[in-house]
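There's a structure below that I have some questions on.
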Amino acid sequence: MSKPYTLQELLIIAVAKEIRDHENVVLGVGLPTTAGALAKALYAPHATLFMESGIVDFEPLVPLNHIADAHACRGFSYATDLYSAFTMTYRGFVDVCFLGVGQVDKYGNVNTTVIGDYYNPTLRLPGSGGAPSFLSYAKRTVLTMLGGSFADRLDYLTSPGYLDGGDSRDRSGLFPKGSGPSMVLTTKGVFRFDPVTKEIYLAQIHPRVRVEDVKKDVPWELKIAEDLSETPPPKDEEIDFIRRFAPNMVMGRELMLELTVANMNRKRAS
Amino acid sequence: MTSTNGKIMTASEAISRFVHDGDQLVIGNYTVGSCAELIYEVIRQQRRGLTLYSQSGIFDVEVLIGAGCVERLVTAYVMRAGGKKGGSAAERALRAGTLQMEDLTNFDYNARLVAGMHGMTFISVLEAVMATDLFRKRGFMGEDKYRVIECPYTGKKVVTVPAANPDVCIVHVQRADKFGNAQYWGAMGSVAAAALASKRIVVSCEEVVEHEIIQSSPHLTIIPAYRVNAVVEVPWGAHPTEVLGYYNFDSAMYGLFTMADATGEGLKAWMDEWVYGCEDRAAYIDRYISKFGSSALNSLKAKPLYSAPANYGAAVYSRWDRDGREIFTGLTLPEIETILGERGLLYE
């Protein structure tokens, strides 16, 4: 029987397990960087971690604030520029990339640009960053969608998944064969893509979540894996690593803020 | 105030001389170490009609748009204050119709600067962008956002973007000498390309150092002196963002900014206090200390973690040995001159 854990910890571990030893890994900010640190510590000691700002082969020291955070590393082996980080991706040297996303459709296409009309936005989201290039050229891409939503039709296609499904991505001739999103992680489960139709399906469900809860979030008839499994509970060593490395991630943004403000008030009072 | 020392000048003088209304202005820094003081000075001097380039728009883009300096924005990323419920100056300006925006991927944005830096008129980019709305939806660049040509060697379709050569780049670095050699280390991003693509370059730095320091570590120099118009020494010049080796990101201050930026009034009040309300960076730091205490500022200061020194040494520093003899021929200079005369090689 392992220790009690938080949902955040479960999610970080689910992502970390997608990293294999000796792989070249590009990490987006937030949950993926903590997952990268965990993977490097426990499952994939020879993985090479990249940030798109050109920080290559870094040793995570504290959680990253953003993807140019040299302050968060215990050193790094190669300081290249952003242009070269992407041409390296284009040439096929990135095995797996992790991206946070806002809106995903049935075939893993991603919108991080706008909700509503592009020219007259309801919500202007951050935009593309490097996501389109990574989702195009990394051998696999893991999408994490913690605050976003599934959509029947994207308001804007920022980053290409499997386009119209089936073999449409490969047929377009624009992408390396076999590339594309390999997994979508949400707070309710792990989704993967059918090898033939490329339609997303629920592969794994988190503890305390029912299939109906997942279906509620999806505007089409979601397919469920025949061998649907439950996300396994974390091991103690995984929990210990995450709590020490990224206590902020464990607490989550709101609780972290509340407790920080309380600490500031305590200091001011004394 | 006119400076008497060549390129060394105040932020106020540098912006007044080198950033003009209607300019294409590029923020050289990418995500980290933003040239905050130079940006605030652009705002204080009320520049108008700028076409702003910022690869990863964070508070830089927000304050410049909020202050009404920007007509057009070229970027790969803008911030959103306070998630879905919040907003941003960029979003408010887009809705009000006062801002035109061109969305590019990180790579395509950087590629335009790389083309500009090397004197090309266009550059090819990664063709998968054709499958996205970045390619299909054009802003003010219209047809010139992306054009597709045929590769003359392979016959394949090639997507291209036009070079960018902004009028002026403002950029913050760790250190520079008085001639303008600018040294920067850490996340390289697109900093060098943004500066070198531009027609004029204003560098601010944490410290101005002796020329010898630059010459002993040339691999750290990303902008050479002959390209630089102004050097501004501004300690804490990137606060509330971070400078590697000097100070960390100030998440508390940035948090206050983010909360304020969720509304137009909030951003205005924040700028009244921290931009318009401080005549320069020294006044800004004074205000910060009086409000949050010097311990808050000190807690951000970097501890030393020096790079291992690299040996730039050579075996030989002179063609003459200790006895004044040329090392290969074993002759003194008068002996060599005699031989030159004997061989008829000296013109009388």
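Just so we're clear, the structure is a prediction, and the values are computed from it rather than from any experiment. Numbered from 1 within each chain, the chains take letters A, B, ... in sequence-line order. Heavy-atom basis, side chains included; hydrogens, waters and symmetry copies ignored.
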Which region of B/Val114, side chain (C-beta onward) or backbone (N, CA, C, O), has a non-hydrogen atom less than 4.5 Å from a non-hydrogen atom of chain A, or is it both or neither?
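Contact with chain A involves the side chain of B/Val114 alone.
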
Give, as side chain, backbone, both or neither, the part of B/Phe249 having an atom under 4.5 angstrom from any heavy atom of chain A.
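The side chain, not the backbone.
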
Output the residues of residues 63-80 of chain A for which the shortest heavy-atom distance to chain B is under 4.5 Å, in residue-number order; output 'none' if no such residue exists.
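Contacts with chain B: A/Asn65, A/His66, A/Ile67, A/Ala68, A/Asp69, A/Ala70, A/His71, A/Phe76, A/Ala79, A/Thr80.
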
Which donor-acceptor pairs under 3.5 Å do side chains of residues 252-262 of chain B form with protein atoms, sequence neighbours excluded?
| from | atom 1 | to | atom 2 | distance (Å) |
| --- | --- | --- | --- | --- |
| B/Tyr254 | OH | B/Phe59 | N | 3.3 |
| B/Thr258 | OG1 | B/Tyr254 | O | 2.8 |
| B/Asp261 | OD1 | B/Arg92 | NH2 | 3.2 |

Side-chain heavy-atom pair B/Phe135, A/Leu157 within 4.5 angstrom cut-off:
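Side-chain contact under 4.5 Å: no.
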
How long is the gap from OH on B/Tyr77 to OG on A/Ser128, to the nearest 0.5 Å?
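It is 10.5 Å, given to the nearest 0.5 Å.
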
Would B/Asp103 and A/Tyr118 count as having a side-chain donor-acceptor pair, cut-off 3.5 Å?
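Note: B/Asp103 and A/Tyr118 side chains meet the donor-acceptor criterion.
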
Quick one: which of A/Phe134, A/Tyr83, A/Tyr137 gives a ring-ring contact (aromatic ring centres under 6.0 Å, His included) with B/Phe107?
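Testing each of A/Phe134, A/Tyr83, A/Tyr137 against B/Phe107, the sole residue satisfying ring-ring contact (aromatic ring centres under 6.0 Å, His included) is A/Tyr83.
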
For the pair B/Arg95 (side chain) and A/Pro121 (backbone), establish whether a donor and an acceptor sit closer than 3.5 Å, ignoring hydrogens and angles.
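Between the backbone of A/Pro121 and the side chain of B/Arg95 there is a qualifying donor-acceptor contact (under 3.5 Å).
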
Tell me, with the steps shown, if A/Ile55 and B/Met188 meet side-chain contact (heavy atoms from CB on, under 4.5 Å).
CA-CA 8 Å; A/Ile55 293 174; B/Met188 302 313 285; over 6 Å; no

Just to be sure I understand the criterion: a residue of residues 87-106 of chain A counts if one of its heavy atoms is under 4.5 Å from a heavy atom of chain B. Which ones qualify?
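If one takes a 4.5 Å heavy-atom cut-off, the residues of residues 87-106 of chain A near chain B are A/Thr87, A/Tyr90.
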
Considering only residues two or more places apart or on different chains, which pairs with a residue in residues 183-196 of chain B satisfy side chain to side chain donor-acceptor pair (under 3.5 Å)?
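For residues 183-196 of chain B: B/Gln55-B/Ser190, B/Arg175-B/Gln183, B/Gln183-B/Ser217, B/Gln183-B/Thr221.
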
